[in-house]
Amino acid sequence: GQQVMQIPQYQHVQEGEDFTTYCNSSTTLSNIQWYKQRPGGHPVFLIQLVKSGEVKKQKRLTFQFGEAKKNSSLHITATQTTDVGTYFCAGRPTGNQFYFGTGTSLTVIP
Amino acid sequence: NAGVTQTPKFQVLKTGQSMTLQCAQDMNHEYMSWYRQDPGMGLRLIHYSVGAGITDQGEVPNGYNVSRSTTEDFPLRLLSAAPSQTSVYFCASSSSRYEQYFGPGTRLTVT
């Protein structure tokens, strides 16, 4: 069954507002990845987190990996219309399999 | 580099028919995977391979077969299509357990 849960499922924000999506795993993860999928497109890799408590930034995007390596978050500051899409986390407990979250669909209202 | 390519882009099958979804990558990646994406379910791993000649099952392997005879190719076979296999199928490749590169997807409808 699904081992990685992601909330919220949908988020509508006004352009310029912030956005956060959360990912929670029932088991400790070796690493976690984040992907973005535009409508009609394929997932595109954003980042990978490996260390407990790790924080990485990419321009307006901030990614965090929890201390217990069971949760992660993606925060976007001052959203733009180009941020529209579905954001997925993908966690790897052990071995070779990644388990994807159900995704958060972001709509940005101009 | 073409990256990860998938064919066909769209396919309609009747229940009970079989077919093969093709996936190829030109990045010399050892890891390749097949996912299916259904509304509200995210991406679920069907089968994966860690190198030529080595395959393993993912979360939802039933009704699908794979083989990996070369590093470049990783076809997915539907043995006897069922309406429950209507989905969008993505192939992905990666070097070690890092960034996965996804193909453009195959949209399959089984009637």
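In the text below, chain A, chain B and the rest are named by the order of the sequence lines, each starting its count at 1.
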Checklist entry - Y35(B) versus chain A, heavy atoms under 4.5 Å apart: side chain, backbone, both or neither? => result side chain
Item to check | Under the side chain to side chain donor-acceptor pair (under 3.5 Å) test, residues paired with T21(A) that sit two or more places apart | outcome: Q6(A), T104(A)
Checklist entry - Same cluster for F100(A) and F63(A) if Ile/Leu/Val/Met/Phe/Trp/Tyr side chains link at under 4.5 Å? => result no
Checklist entry - Contact part of Q97(A) toward chain B, heavy-atom cut-off under 4.5 Å: side chain, backbone, both or neither? => result both
Checklist entry - In terms of heavy-atom pairs under 4.5 Å with chain B, which of G103(A), S105(A), G40(A), P43(A) leads? => result P43(A)
Checklist outcome for this item: Rounded to the nearest 0.5 angstrom, the CG-CG distance for L46(A) and L74(A) is 7.0 Å
Next on the checklist: Less than 4.5 Å apart, side chain to side chain, heavy atoms only: is that true for L106(A) and Y10(A)?
Outcome noted: no
Checklist entry - Using non-hydrogen atoms only, which part of Q6(B) is less than 4.5 Å away from chain A: side chain, backbone, both, or neither? => result neither
